[in-house]
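Below: the structure, in structure tokens.
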Amino acid sequence: MISAAQLRAARALIGIDQRRLAELAGVSLPTVQRMEASAGNVRGKIDTLTRIVEALDAAGVELIGNGQPSQGQGRGVRLKEPRQ
């Protein structure tokens, strides 16, 4: 699953706006806006989520899940567990 914050961060890493991500993924701008406004994990149709992830991957973004090691060699950011 991808979080709304992760989606916004991924887009920022490659320097594109919501409109461009929508174009790359073949989805509507309101769809991207709705996904990024989600609380927590992005909600949407599996096909739409797949298109978004594939577009980000093609643009050079590796999405990393919780507890999952990075497979890439490039630079990036990752959230740490909050301190208690």
Side-chain angles (χ1 to χ4, degrees):
M1 232 30 218
I2 180 175
S3 72
Q6 191 177 21
L7 178 56
R8 290 188 302 270
R11 192 171 50 73
L13 279 172
I14 54 176
I16 62 172
D17 61 13
Q18 291 175 330
R19 183 176 307 283
R20 182 67 181 135
L21 177 56
E23 291 169 358
L24 291 172
V27 300
S28 70
L29 175 58
T31 295
V32 172
Q33 291 170 331
R34 221 175 10 261
M35 287 178 158
E36 288 193 4
S38 298
N41 287 335
V42 170
R43 295 179 311 204
K45 295 180 182 177
I46 297 297
D47 179 55
T48 303
L49 291 170
T50 300
R51 288 175 164 204
I52 296 283
V53 170
E54 288 175 351
L56 290 169
D57 183 67
V61 174
E62 176 189 4
L63 297 170
I64 306 168
N66 281 343
Q68 182 182 31
S70 173
Q71 303 301 313
Q73 298 293 318
R75 292 183 226 183
V77 294
R78 177 179 218 146
L79 286 174
K80 296 191 303 185
E81 290 294 322
R83 292 185 181 173
Q84 307 226 359

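Everything numeric in this text was worked out from a predicted model, so none of it was measured.
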> Any idea which heavy atoms bring Gly44 and Leu49 closest together, and the distance?
Replying inline: O-CD1, 3.9 Å
> Which pair of non-hydrogen atoms, one from Ala4 and one from Ser38, has the smallest distance, and what is that distance?
Replying inline: CB-O, 3.3 Å
Nearest 0.5 Å, what's the [atom1]-[atom2] distance between [X] and [Y]?
| X | Y | atom1 | atom2 | answer |
| --- | --- | --- | --- | --- |
| Leu7 | Leu63 | CG | CG | 8.0 Å |
| Ile16 | Glu23 | CD1 | CD | 9.0 Å |
| Ile52 | Asp47 | CD1 | CG | 10.5 Å |
| Leu56 | Leu24 | CG | CG | 8.5 Å |
| Glu36 | Leu21 | CD | CG | 7.0 Å |

> Between the side chains of Thr48 and Arg51, does any donor sit under 3.5 Å from an acceptor?
Replying inline: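 Note: Thr48 and Arg51 side chains miss the donor-acceptor criterion.
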>> Under a 3.5 Å distance rule, please check whether Gln33 uses its side chain to pair with a backbone N or O of Ser28 as donor and acceptor.
In response: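 Side chain of Gln33 to backbone of Ser28, a donor-acceptor pair under 3.5 Å: no, none is there.
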> Do Ile14 and Leu29 belong to the same hydrophobic cluster, where Ile, Leu, Val, Met, Phe, Trp and Tyr are linked whenever their side-chain heavy atoms lie under 4.5 Å apart, directly or via other members?
Replying inline: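 Cluster IDs for Ile14 and Leu29 differ.
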> Are any non-hydrogen side-chain atoms of Met35 and Val27 less than 4.5 angstrom apart?
Replying inline: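 No - every pair of side-chain heavy atoms lies 4.5 Å or more apart.
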> Who pairs with Asn41 by side-chain contact (heavy atoms from CB on, under 4.5 Å), at least two apart in sequence or on another chain?
Replying inline: Met1, Ser3
> CZ of Arg8: more than 12 outside heavy atoms within 6.0 angstrom?
Replying inline: yes
